[in-house]
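A short worksheet on the structure shown next.
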Amino acid sequence: MRIDAPSQTTSQSKTSAILDAPNPALFGSSEWQAEYFADPGSRLHAHEWVSTDTYQECTVCVECGIHVSVAQSELVIAPRCPSSASGHHLHRFDAPLQNSQPRVSTLACCQCGESVSVLWLPALLPSSFIDPLFKGKSPQQRISILEALLQFAGGFLAGNTRPINSRNAKLMEKLSPTSTTSQVFQDVMAVLGFELRAPGEAMAGPHYHPILSGPIDPTNVPFGSTLRSSVALASQELVVLEAYLKRGMGLFTEAEFGKLVKSVQAPRTIYRLFGASVAYSTPDSPPSHLKEHYACLGCLSTVSDEKLKWSFLRCLEDMPTEKSLYLDAIIAIANARPTSPTLPEFIALERTSRNLHTSEDVRASFSLLHLQPTGAREDAYSAQVLVGVFQARAEESPGMLDELRGALRVVAAVGGCEDAIEVYLETGFVPGGVGGVAGGDAMDVACLTGDPDLPLGLQNFGNICYLNALIQFYLTIKPLREWVLHRVPDSPNTSSGSSTRDGRNAVTFLRHLKHLFVQLSQTQPLRTPAVSRDLAVCLLSGAAAASSPVSAASEAGNPVMLEDSAKALSRSGEDLLLNAQQDVGEFMIAFVDLMEKGYGALDEKGVVQQIKRLFFGKTVQHLEYRDARGSHHTTDKEDEEFLYLLIALRGDLYASLDEYFAPTEVEYEGKQAMRTVRFHTLPAILTFQLQRVQYDTALGCAVKSNAHLSFPDELQLSRYTIAGGSPKTYRLHAVLQHEGQAGFGHYRVFIRDQIAKGWYLYDDARVSKAMDAEVYEEMGGDRGAFCLMYVEVGSEVVETLVRGKGVIGN
């Protein structure tokens with residue numbers, strides 16, 4: 001038993017609360033039950049079990065003095081659990097010890113149902129009783145006090161009725177400066193069976209009188225059932241304490257010490273008692289700084305790596321509010337086992353998959369957000385409060401956004417609102433109506449409004465309305481959607497056979513896209529989905545580095561390009577991308593390029609070829625010229641691949657195409673030549689980007705044209721196709737509209753429902769049915785068509801997803 005009562009740390013207090021929680025059931029393996037116990041008023045520790053001849057059927061802990069016993073008939077639990085190779089997993093269902101009264105606990109294994117009844121009794125002479133008597137005393141003086149107390153106890157157990165004079169000179173000298181009539185000494189003597197009475201006749205001063213008559217055999221007393229049995233247990237504590245003091249002073253040899261203190265027999269009894277599957281020998285004691293960590297996870301220091309992992313996962317399951325404490329424990333143990341082949345990897349995987357954080361991470365995160373740590377989860381900060389704090393700190397320290405986002409996630413996990421915070425970090429909105437830093441419509445993303453028979457919209461967490469619009473368009477392309485949903489693995493470990501960085505990044509993009517498509521395919525969603533930040537950054541950084549495959553003539557009128565952001569992006573660089581409006585053409589190039597690279601990395605060569613046929617067409621240039629002698633020559637340039645055509649605004653689409661395909665005079669090998677461009681191969685999806693943005697040299701900036709352009713519902717392209725080519729008819733499928741000026745504004749997209757013969761308007765989170773006039777007629781002002789998407793008639797490559805009815809196709 002300890003002489004000095006150590007103070008409890010915060011973590012130890014938490015652990016004690018866990019170990020002695022009356023309900024729900026106490027967790028812990030049988031090995032832990034054999035080794036650890038949280039005694040009220042004592043620190044968490046590894047028990048050092050011993051027994052003495054004073055009370056052979058009872059063990060006592062040297063550290064805290066707790067007694068444990070069991071009747072021989074109760075030793076029926078098997079050494080090994082028949083239902084689990086991990087051993088018994090015993091639970092205790094009673095309240096913690098509150099006083100010195102004995103208490104019976106039934107420990108039941110949750111796996112096999114076996115149980116054992118155990119009798120507990122806290123120390124009869126705890127440190128609070130012994131410390132005042134030992135204060136200021138030398139080791140030899142302490143031994144003298146113990147000898148006197150053992151003499152008193154022995155006399156009581158022998159039935160000696162002679163009272164003890166409180167004014168005995170030798171006794172007073174041993175205890176000085178503590179008075180022999182002080183309350184603490186009276187308490188000690190009461191445990192030993194004596195009470196202080198006023199002096200009687202022929203007595204000089206108060207005396208301590210025994211409270212029983214008749215001798216008692218201390219080796220055959222019911223455990224803690226009477227005062228006499230309690231005195232026997234107290235004697236056991238005094239014998240152990242005296243033996244340890246004498247051994248420490250060199251007054252006892254190890255052999256002499258072993259005769260009094262049975263340090264081998266007791267652990268064997270305890271292991272049998274708790275059905276432990278360890279060998280019946282005293283385990284090596286772990287270093288003091290590791291004892292509480294082993295206790296926290298319910299394990300002995302000799303536990304195997306595999307059982308340690310099992311205990312860690314069970315602890316997380318049984319008491320998830322203390323997961324930081326468990327993580328601290330297993331990390332400390334793993335650090336003390338540097339040769340462990342599996343623990344470091346196991347911990348790393350669990351930290352990532354379960355979003356676990358150490359206590360130090362938690363403290364640092366609260367500090368970074370200028371918050372006081374909370375205790376119980378019911379006192380935790382709400383998601384709305386955390387977002388408000390985060391926004392304030394982000395304004396104060398914009399250069400620390402990375403660190404602040406990480407801290408926000410950690411604090412949210414502690415408070416149990418991590419899901420709401422993830423919604424906020426992905427969408428800029430918090431369930432409950434708190435708007436995000438990035439702006440957008442401050443609507444409750446947990447509450448979907450509108451007609452359930454409409455497609456799902458997408459939240460706008462930045463300046464990404466164009467991205468939302470085009471992803472909605474790509475979602476309606478049936479083969480593309482099927483490839484993403486069914487040909488992309490979920491696990492990152494098997495996601496790429498590519499050794500190139502571009503290949504791995506492209507597969508990561510496909511996985512993010514798959515997650516979004518799954519959300520958009522839900523028939524009963526819990527909230528409006530959003531493009532994740534990771535997916536947006538993948539696309540936008542790809543768009544910044546994209547090299548356009550369109551012809552030189554097409555490139556001449558490209559809209560405003562991204563500024564230099566093809567370099568590696570920091571978090572602040574990502575924010576710039578997300579909050580600046582990007583070029584639609586570059587985005588389409590990046591999207592398809594990532595699709596090709598991703599499926600190439602996945603060795604889906606067939607999908608890559610189908611992507612080519614779906615989106616890419618080819619044009620051929622026919623040149624006519626005369627040489628120096630005047631001879632007429634013709635030549636065809638090699639086919640040029642295109643993803644979309646950039647065409648001028650000439651009143652209607654046919655007039656614009658006429659200009660695009662009209663013969664033009666060019667220089668060819670030093671001679672003037674007449675060039676004619678024709679379609680050689682046409683894709684299933686034909687896209688036109690209207691050349692609305694050009695650079696005005698007079699103004700020195702880019703300007704947007706709001707000129708009207710009409711376009712047909714069906715498009716015939718035979719006159720633009722090479723002689724002998726297969727003429728195709730296309731039907732309008734989507735119209736991307738832009739409202740605003742060059743470099744800023746808002747995008748939305750109209751997409752046809754091929755079955756209902758109607759249109760849907762996708763405007764970020766809002767989706768509504770649209771009239772033909774809204775699609776084909778210009779609204780005036782600065783709103784007009786920006787991209788036209790046509791689908792080959794009869795190709796059956798488009799379907800519209802509607803949440804209430806699933807898939808609607810043509």
Side-chain angles (χ1 to χ4, degrees), residues 10 321 323-324 327 351 355-447 458-465 467-468 526-537 540 565 569-581 744 746 764-765:
T10 301
T321 56
K323 55 189 178 183
S324 292
L327 181 61
R351 290 186 73 166
N355 193 27
L356 302 178
H357 308 283
T358 65
S359 297
E360 181 56 36
D361 292 338
V362 172
R363 285 190 291 270
S365 297
F366 273 98
S367 176
L368 186 60
L369 291 174
H370 294 176
L371 290 171
Q372 290 295 323
T374 56
R377 176 162 286 196
E378 55 266 25
D379 299 326
Y381 300 103
S382 67
Q384 287 80 5
V385 170
L386 291 180
V387 167
V389 171
F390 170 77
Q391 290 174 329
R393 291 288 289 121
E395 290 179 3
E396 294 172 2
S397 306
M400 297 180 64
L401 282 177
D402 246 353
E403 294 87 347
L404 290 170
R405 287 189 184 98
L408 180 62
R409 285 189 167 98
V410 173
V411 174
V414 171
C417 61
E418 57 267 43
D419 290 343
I421 291 303
E422 281 304 318
V423 171
Y424 166 73
L425 291 175
E426 288 191 4
T427 69
F429 298 85
V430 177
V434 176
V437 174
D441 299 318
M443 62 180 295
D444 184 353
V445 297
C447 179
L458 285 169
Q459 294 287 339
N460 184 355
F461 66 86
N463 198 1
I464 61 164
C465 51
L467 194 155
N468 283 346
L526 297 178
R527 64 181 179 90
T528 303
V531 175
S532 69
R533 184 185 183 92
D534 291 334
L535 175 58
V537 171
L540 298 182
S565 53
L569 293 172
S570 64
R571 189 73 180 196
S572 58
E574 294 175 4
D575 290 333
L576 288 174
L577 279 180
L578 295 174
N579 289 289
Q581 195 162 85
F744 69 89
H746 180 65
D764 286 334

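We count residues from 1, following the sequence as given. Below, each value reflects all heavy atoms present in this structure, side chains not excepted, and no hydrogens, waters or symmetry copies.
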Worksheet item: Excluding sequence neighbours, so at least two apart, what forms side chain to side chain contact (heavy atoms under 4.5 Å, CB included) with Val410?
Response: His357, Val362, Ser365

Worksheet item: Does Gln372 have any side chain to side chain contact (heavy atoms under 4.5 Å, CB included) partners at least two apart in sequence or in another chain, and if so, which?
Response: Tyr381

[X] [atom1] to [Y] [atom2] distance, which is reported to the nearest 0.5 Å:
X      : Y      : atom1 : atom2 : value
Arg409 : Asn355 : CZ    : CG    : 8.5 Å
Leu467 : Leu458 : CG    : CG    : 9.0 Å
Arg405 : Ile421 : CZ    : CD1   : 12.5 Å

Heavy atoms only: give me the nearest [X]-[Y] pair and the separation to one decimal.
X      : Y      : answer
Ala530 : Gln459 : CB-CB, 3.8 Å
Val389 : Leu371 : CG2-CD2, 4.0 Å
Cys417 : Leu386 : SG-CD1, 3.7 Å
Ala394 : Leu401 : CB-CD2, 3.7 Å

Discussion item. Restricting to side chain to side chain donor-acceptor pair (under 3.5 Å), what partner residues turn up for Thr358, sequence neighbours left out?
Written reply: Asp361

Practice prompt. Identify, with sequence neighbours excluded, every residue that meets side chain to side chain donor-acceptor pair (under 3.5 Å) alongside Ser359.
Written response: Asp328

Worksheet item: Leu368 versus Arg393: any side-chain heavy-atom pair under 4.5 Å?
Response: yes

